[in-house]
Amino acid sequence: MSQPDAKNDPVQRRLELSSNPVSRLERMMEIRLVEDRIQDLFAQGLVSGTTHTSQGQEAVAIALASATRPTDVVCCTYRGHGVALALGIKPESVLGEVLGRQIGCMGGLGGSMHLSDPDIGLLPTFAIVGAGTPVAVGAALQFATNQTDGVAVSVFGDGATNIGGFHEGLNLAAVWNLPAIFLCENNLYGEYSPIATTTAVTDITKRALAYDMAAETVDGQDVDAVLATIERAVDRARSGAGPTLIEAKTYRYVGHSRSDKATYRPEGELEQWLARDPIELFAAKLVANGELTEEGVQTIRQHQHDLIDVAAQTALASPPGSIPQMFAHVLAP
Amino acid sequence: MNQAITRAIADEMEQDPRVIVFGEDVAVAEGPFKTSEGLLATFGPLRVRDTPISETGFLGAAVGAAMTGLRPVTEIMFIEFMGVAFDQVVTEAALMHYLSGGRFEVPMVIRASVGSGLGFGCQHSQTLERWMLGTPGLKLAVASGARSAYGLTRAAIRDNNPVVILEPRSLYGEREDVDPGEQSIIELGTAEILREGADVTVLTLGQTVRVGLEAAESASWSGEVMDLRSLMPWDKKAVIDSVRRTGHLVIVEENQYTGGWGTEIASHVMAKAFSDLQAPVLRITAPDVPVPYGLALEQRFLPSPEYVTEQVAALLATKTAPEPWWEEFA
Ligand SMILES: Cc1ncc(C[n+]2csc(CCOP(=O)(O)OP(=O)(O)O)c2C)c(N)n1
Ligand SMILES: [Mg+2]
């Protein structure tokens, strides 16, 4: 079994992604394996509460992390393990947080829905639908006010586009011409409801028309396509050309949360999406390009497996959050 | 408890065609907590609807529907989500009757799951009665199990005012015998004595009802355990009468110390029954911190039966309010 690379701090992990396509494959696998492991830990009764995993949506998280800098800001949702790992938080820190252990990125006090690390620009993930969008606008306002070239990204689901805060946030970003990116992971469902039953437009980018905002739709299972799309939005933002709404069409393989068996899906839908798995698609592409061999892919997969085994052990060995910690950080000094 | 809530709504829908139900995933999926099983099948899509994730939109729609002739029963999945729609609750729903000189009524119900104990973290674990406490024009009740949920829900649907009913989430799966029918409707604003006792009145609400009962079961003191059931209005007479009998009042709250519902009760009892009290009113609450994640910490956060037993014993022995466990950290 290989040891986790201790030098790999979150910022390093982030920077590596931008420079190396193979690392993007590795890290998509990492997300998948960590989330599978989280589900196992719940199934074993080692965790209470709930968790929202994103198997099937890894390409969006990895593309986001590859297209942005640790000095940019990201506001994400409760379905945030993938984004947190992609941005750089280490697997043991995500697993530890879900387990309520001190090694967790919030010392075990936040849980699965609340992951954060200021070093990589991840604000605490938001468990209230829509809450992160205006907050991202505020971070963009900061960049604009200080006239730096930072970018703020709000990551949210299709269902979140029906809440007032989303619309207020987009309008504000448009009228103030802020360096913001609104990145929608349209996974076709908000909780147990298919998008068409709750949302007047099923193409989320149509919402951008109302705010006269640049918008792009992209295949969310194709990491390179998502990366290129986010890069264009980042360029617009950094060059003062204003905000962009991006809709990545994607899918979550599992239910909304731990207790959801996803019986509301039409037969065959999951299989269709599994056939376009973002990890498999990208692995095949790297093999076709000659950047990796089939064996190389297998080796990477096994290596990631081993790393996550170690990370899980490390997390499980960490003590639970402590009582004095409950009283720390309620108010700033 | 979830079955009792469903039954209460169904019984009212049966009798009154103006009653409609909407909320996130309440129709096709029959409720995130299974509190609307069978309603869509029985009453059809005109009366049972799924909403988008648009709390302001659908609570506002409930206000308008209620003012113009329907009796909407809405669901806020976790009480925190009411935050995004607060205007519609405390500034619109609560004030429409007053602002129309009594000519409009707003007969709507907002049901919301509340409370800690299930490991959902700090944005999904509060009770938040205090958000609404003291809002003229609103009624507020809290269920403590299947029986009270049934009775309060039916009363709320019949009430001509906006009523918020809080449902402790950890109790949805709890089973208790309920005798459905008119006789089980609970008048809003009435408390219930669940256990008689001579030494101390233990006033509880929602999830702390069980805590108070369990504490009294094994204690050396004789506790009169009351379920307050409603906060607006609250049963001043029942509480004062009990305090007159026992001479002691202990209030067990799930919320944080500052601004908890018990402050309201304590101040009133102090004003009206000061000479009957043999010791200060004791409020047993959570500390003034967000609800922590992690089962052990969360259990520590909530007052436990053992802790209540000890605190009450200390109060009775010393006639002074004991320090809370968290004093050393505060
Ligand atoms: C204001 C608010 N309302 C409701 C919820 C409950 N809730 C959590 S996730 C969710 C579905 C969100 O769907 P979507 O935005 O498509 O994101 P996805 O979960 O599919 O990633 C709902 C209704 C919430 N957390 N906050
Ligand atoms: Mg969705």
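This structure is a prediction, so every number in the text was calculated from the model and none was measured.
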Positions in residues 251-262 of chain A that reach chain B, provided some heavy atom is under 4.5 Å away: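 So far as heavy atoms go, nothing in residues 251-262 of chain A approaches chain B to under 4.5 Å.
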Proximity of residues 103-112 of chain A to chain B, residues having a non-hydrogen atom under 4.5 angstrom: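 Listed by number: G108(A), L109(A), G110(A), G111(A), S112(A).
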Test item: Y293(B) side-chain N/O and V98(A) main-chain N/O as donor-acceptor pair under 3.5 Å: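 Yes; at least one donor-acceptor contact below 3.5 Å.
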S193(A) side-chain N/O to D25(B) backbone N/O, donor-acceptor pair under 3.5 Å: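 No, S193(A) side chain to D25(B) backbone: no donor-acceptor pair under 3.5 Å.
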Top contributor to chain B contacts, counting heavy-atom pairs under 4.5 Å, from S322(A), A160(A), A328(A):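 Looking at each of S322(A), A160(A), A328(A) in turn, S322(A) comes out on top.
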Side chain from CB out, backbone as N, CA, C, O: work out which of these in [X] comes under 4.5 Å of a heavy atom of chain B, or both, or neither.
| X | answer |
| --- | --- |
| Y78(A) | neither |
| Y192(A) | both |
| M326(A) | both |
| T199(A) | neither |
| P324(A) | both |

Residue Y257(B) excluded, over 12 heavy atoms near OH under 6.0 Å: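 Check fails, neighbour count at 12 or below.
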What part of [X] gets closer than 4.5 Å to chain A, counting heavy atoms only: side chain, backbone, both or neither?
| X | value |
| --- | --- |
| T51(B) | backbone |
| L118(B) | backbone |
| V28(B) | neither |

On a heavy-atom basis, which atom in [X] and which in [Y] lie closest, and how many Å separate them?
| X | Y | answer |
| --- | --- | --- |
| I163(A) | I53(B) | CB-O, 3.5 Å |
| Q123(B) | A127(A) | OE1-N, 3.0 Å |
| G119(B) | S48(A) | CA-OG, 3.6 Å |

With I323(A), the side-chain contact (heavy atoms from CB on, under 4.5 Å) member among F301(B), W325(B), W326(B):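 Only one of F301(B), W325(B), W326(B) forms a side-chain contact (heavy atoms from CB on, under 4.5 Å) with I323(A), namely W325(B).
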May I ask you to name which of [options] has the most heavy-atom pairs under 4.5 Å with chain A?
| options | result |
| --- | --- |
| E55(B), R300(B), E80(B), H124(B) | H124(B) |
| S54(B), A27(B), G294(B) | S54(B) |
| T56(B), V289(B), V291(B) | V289(B) |

Min side-chain heavy-atom separation T197(A)-D50(B) under 4.5 Å: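 SC-SC contact between T197(A) and D50(B) ruled out.
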